[in-house]
Amino acid sequence: MDISRKKPAYPLTPALREYLRDYDRDVALPVAYADLRRFSNSFPLIDRTGKDTLWQTIFFEGPEMQELSAGLTEVYAQLKTAGDMSFTKHLVADRIDYCEFGNSRPFRVRIVNRFNDNYDYFYVKQADASRLYGLELEHLLSPNSINFLVSGDTLIEEHIVGIPGDDFIAQHLTRPHLNQVRIAKEFVKFNERCFVRLLGDMRAYNYVIAVTPDFEDEQYRVRAIDFDQQSYEGRRSMYLPRAFKDNAPVVEMCAHLLKPETVRQYQTEERALMAGRARAERHRLKALLDVMRAHDLAPAEKVEQLKAELNRYHHTTAFDACDSMGDLVRQHLWVMLGPSARPAAG
């Protein structure tokens, strides 16, 4: 499938920054993305099976690394404890990885608790408006809240725990104990969430499977981890995870295990849940969509193509009045979730 791998980064507008400040996403931080770009050396990060992870572990000169570690633990405190620095004395940033792959070129920071060697991760990326809208829509409309901060042109994202989709498909999908029906159900729901809010490029390595043991079995949830392609592409199929070739084993499993009426049931369930979240967050959702509608987030030809394809798919002309990707997202939410999910009046 043809994906715009070279999607440009869209700058944050004053209106978007105001929205982020209003909802405590915009904060002053001691470390910026540019600070991490000044590393002096690196080497490939190899996983426990000997496979190249496509990440590089980076190094800084001694004094600079100490200063960065102190700043990065403060960033972690801002992200996790709303700026309570009393916990930072026993934390240390013991490793920083860098990935050239992908548009965001992220840094991944490992924070270690020196009392018990437990560790956690967060990501430092270049702030891109598309990604920020994607993160906010995920926070408001998905089953999972998501934590991120913006400081200038730097984006800080929490780590989303789960098995990467490509690893899950290759190593877990055919295991005897796996509850395949539950996986199929969750993939149908995930596909529906992505399409409703127009989140694209959900190839297998752009989502994770979170596995939770239950008293009799396991529960699963599919979670997006990359929001770079929020409402950017012109083709409707780009917003359907089931349309990507590397998801084919899961799609085939869904077709084998789920009857069409069961698929429709799960889709309806997910839309009802999304509509409920939209109603609960109607004022914040309206504020976000108002900013998004005025933001140029894709070439005009992509907007026109997606407008035409959504009209054709839904057998409507409701998208004719849309002039931006933000307009299309708002209209698609209305069409898919119903009038009760419409954002609050201004």
Side-chain angles (χ1 to χ4, degrees), residues 25 53 79-80 99 101-104 106 108 120-123 125 128 130-149 155-173 178-214 217-231 238-244 246-247 249-251 253-254 266-267 269-274 276-278 280-281 285 288 329 333 336:
R25 298 291 200 187
T53 64
L79 187 67
K80 293 294 189 176
C99 185
F101 180 68
N103 287 326
S104 64
R108 181 176 60 202
D120 193 9
Y121 298 96
F122 68 87
Y123 298 84
K125 302 179 179 181
D128 168 45
S130 300
R131 189 172 298 110
L132 292 174
Y133 289 121
L135 286 163
E136 271 294 288
L137 286 168
E138 179 77 1
H139 181 73
L140 297 176
L141 297 175
S142 84
N144 314 285
S145 61
I146 194 162
N147 200 7
F148 69 93
L149 299 171
L155 168 64
I156 307 296
E157 284 184 32
E158 69 177 352
H159 177 64
I160 298 175
V161 177
I163 302 170
D166 50 350
D167 289 344
F168 191 91
I169 290 170
Q171 302 172 20
H172 297 263
L173 199 60
L178 187 77
N179 191 321
Q180 292 188 338
V181 172
R182 286 185 177 177
I183 285 290
K185 173 183 177 180
E186 288 305 312
F187 190 80
V188 168
K189 286 174 167 278
F190 175 64
N191 189 85
E192 195 71 5
R193 285 198 300 276
C194 292
F195 182 51
V196 169
R197 44 75 64 92
L198 298 179
L199 175 63
D201 194 16
M202 282 299 108
R203 288 171 289 181
Y205 55 75
N206 284 335
Y207 61 82
V208 297
I209 313 294
V211 183
T212 305
D214 202 355
D217 210 325
E218 290 179 336
Q219 298 288 350
Y220 309 96
R221 177 162 289 166
V222 188
R223 296 192 60 181
I225 59 172
D226 191 319
F227 302 91
D228 181 65
Q229 296 274 343
Q230 170 62 50
S231 54
M238 295 293 186
Y239 303 102
L240 297 167
R242 61 177 172 79
F244 289 92
D246 56 357
N247 291 326
V250 187
V251 175
M253 186 178 73
C254 292
Y266 295 154
Q267 290 171 326
E269 286 178 5
E270 194 59 32
R271 289 197 300 272
L273 290 169
M274 293 183 76
R277 297 181 198 113
E281 294 285 1
L285 182 59
L288 178 68
V329 171
L333 290 175
M336 293 291 287

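All values below come from the heavy atoms of this structure, side chains included, with hydrogens, waters and symmetry mates left out.
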CG-SG distance between Leu137 and Cys194, expressed to the nearest 0.5 angstrom: 11.5 Å
Beyond-backbone contact of Ile146 with Glu158, side-chain heavy atoms, under 4.5 angstrom: yes
Minimum side-chain heavy-atom gap Ile163-Val208 below 4.5 Å: no
Nearest-0.5 Å distance that lies between atom CD in Glu218 and atom CD1 in Ile209: 12.0 Å
Qualifying residues under side chain to side chain contact (heavy atoms under 4.5 Å, CB included), relative to Ala224, sequence neighbours excluded: Phe190, Leu199, Met202, Phe227
With Glu136 via salt bridge (charged side-chain N to carboxylate O under 4.0 Å, His left out) - residues at least two apart: Arg25, Arg284
All side chain to side chain contact (heavy atoms under 4.5 Å, CB included) counterparts of Leu178, not counting sequence neighbours: Phe168, Leu173, Gln180, Ile183, Tyr220
Any residue meeting side chain to side chain contact (heavy atoms under 4.5 Å, CB included) with Gln267, in chain and number order, not counting sequence neighbours: Val188, Glu192, Val263, Arg264, Arg271
Test item: Asp217 and Gln219 side chains (from C-beta on) under 4.5 Å apart, heavy atoms: no
Note, Leu141 side chain near Leu333 side chain (heavy atom, < 4.5 Å): yes
Close side-chain approach of Val251 to Phe187, heavy-atom, < 4.5 Å: yes
Value rounded to 0.5 Å, distance of CG in Asn147 from CG in Leu79: 4.5 Å
For Asn191, all residues meeting side-chain hydrogen bond (donor to acceptor under 3.5 Å, both in side chains), sequence neighbours excluded: none
Nearest non-hydrogen partners of Ala204 and Ile169, listed with the distance: CB-CD1, 4.0 Å
His159 side chain near Phe122 side chain, heavy-atom distance below 4.5 Å: no
Test side chain to side chain contact (heavy atoms under 4.5 Å, CB included) applied to Leu273 - qualifying residues, sequence neighbours left out: Lys189, Glu270, Arg277
Among Glu281, Arg197, Met274, the one residue meeting side-chain contact (heavy atoms from CB on, under 4.5 Å) with Leu140: Glu281
